[in-house]
Number of protein chains: 2
Amino acid sequence: MSTSPKRHDVFQAIADPTRREILKLLAGRELAVTEVAEKFPISRTAVSKHLLILDEAGLVESRKTGREKRFTLKPEPLSELEQWLSYFEQFWQNKMSMLKHLAEKKEN
Amino acid sequence: MSTSPKRHDVFQAIADPTRREILKLLAGRELAVTEVAEKFPISRTAVSKHLLILDEAGLVESRKTGREKRFTLKPEPLSELEQWLSYFEQFWQNKMSMLKHLAEKKEN
DNA sequence: ATTATATACAACCAAATGGTTTCATGTCAA
DNA sequence: TTGACATGAAACCATTTGGTTGTATATAAT
């Protein structure tokens, strides 16, 4: 009845860089498996597996329309991450060290 | 010269539940490998490996005093996570769904 | 000097992970 | 209805992961 059997949690789901990219791709727009796969150098099957893992973590939602299955981001489970993170904020006594660290990363 | 060769990033580092627990343990206090290992059902060697991975991700700092090596939390790299998360906040259009999701988890 | 403690290092192992290719099936278009 | 397209599913593979045990070495404590 509930969603997927949840063999993967949010922390595992976002551990993989490809999956993190997929999430960004699906943020806002709805894409079919093939459309997602086009953006990556790996096979459609591999992308499909990543989508399954993201689905198990509740991070994406899918809808079958005709022969394709279209996915969108479902950001809610990220709250668990946010919650986890919030615990550590108290140990960032001086937020400066964090800001400095942030400034050091040019990358997104 | 920089810290460790960083074969592991923050996302991978926090993917494992044992490592997440270790981080909480080290938040605030400084513990030696053996002291950390005592809190887990796994071997000291296994814990030591987890500490190495956390170190590679820059999430802990160690200091050798006599025959022991004492670790503490170094939360700064968590900013990368926070940064990553912040991107998705815009897709949480109504924060209610997030709060609802948070409310559903009794667990910490 | 001897023993106990704290850690490191190496070898090994089973299971999980991230990928592939191949084949089957359902759906759309000519 | 025949072919093209989108996906699913299975089998397989190499590497990584999370763990183990055993051995070595440095530091304390007796």
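So you know, we letter chains A, B, ... as the sequences are listed, proteins then strands, and number each from 1. Every value quoted in this text rests on a predicted model; they were computed, and no experiment measured them.
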Do [X] and [Y] have side chains that get closer than 4.5 Å, going by heavy atoms?
| X | Y | answer |
| --- | --- | --- |
| A:L26 | A:L51 | yes |
| B:F71 | B:R63 | no |
| B:W84 | A:L23 | yes |
| A:K69 | A:T65 | no |

Give me the distances for all protein-to-nucleotides 3-6 of chain C N/O pairs that come in under 3.5 Å?
{"unit_1": "C:dT5", "atom_1": "O4'", "unit_2": "B:R67", "atom_2": "NH1", "d": "3.1"}
{"unit_1": "C:dT5", "atom_1": "O2", "unit_2": "B:R67", "atom_2": "NH1", "d": "3.1"}

Nucleotide by nucleotide, 5' to 3', does protein get under 4.0 Å of the base (B), only the sugar-phosphate (S), or neither (-) in nucleotides 10-17 of chain C, counting heavy atoms? BB-----S
I'd like to know if the side chain of [X] reaches the main chain of [Y], judged simply by a donor and an acceptor atom lying under 3.5 Å from each other, with no hydrogens or angles considered.
| X | Y | answer |
| --- | --- | --- |
| A:R44 | A:A37 | no |
| A:R19 | A:A15 | no |
| B:E89 | B:S86 | no |

Determine whether B:L31 and B:R29 satisfy the following criterion, side chain to side chain contact (heavy atoms under 4.5 Å, CB included), listing intermediate values before the conclusion. CA-CA 6 Å; B:L31 296 176; B:R29 76 202 131 199; 3.9 Å; yes
Mind checking which nucleotides bracket the chain A contacts on DNA chain D, 5' to 3', with an atom under 4.0 Å from a heavy atom?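 The footprint of chain A covers D:dA4 to D:dA11.
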Which residue lies more 5' along DNA chain D, comparing A:S48 with B:I42 via nearest heavy atoms: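 Closer to the 5' end of DNA chain D: A:S48.
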Any Lys/Arg nitrogen of B:E68 or B:R70 sitting under 4.0 Å from an Asp/Glu carboxylate oxygen of the other?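 Yes, this pair counts.
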Can you tell me if the side-chain N/O atoms of A:S43 get under 4.0 Å from OP1 or OP2 in C:dT20?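 Checking C:dT20 against A:S43, a side-chain N or O does come within under 4.0 Å of OP1 or OP2.
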Look at the side-chain heavy atoms of Ile, Leu, Val, Met, Phe, Trp and Tyr, link any pair under 4.5 Å apart, and say whether A:I53 and A:I42 land in one connected group.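 They do not share one cluster, since no chain of ILVMFWY contacts under 4.5 Å joins A:I53 to A:I42.
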Can you work out whether A:V47 or A:G66 has the more 5'-proximal nearest nucleotide on DNA chain C?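 Nearest-nucleotide comparison on DNA chain C picks A:V47.
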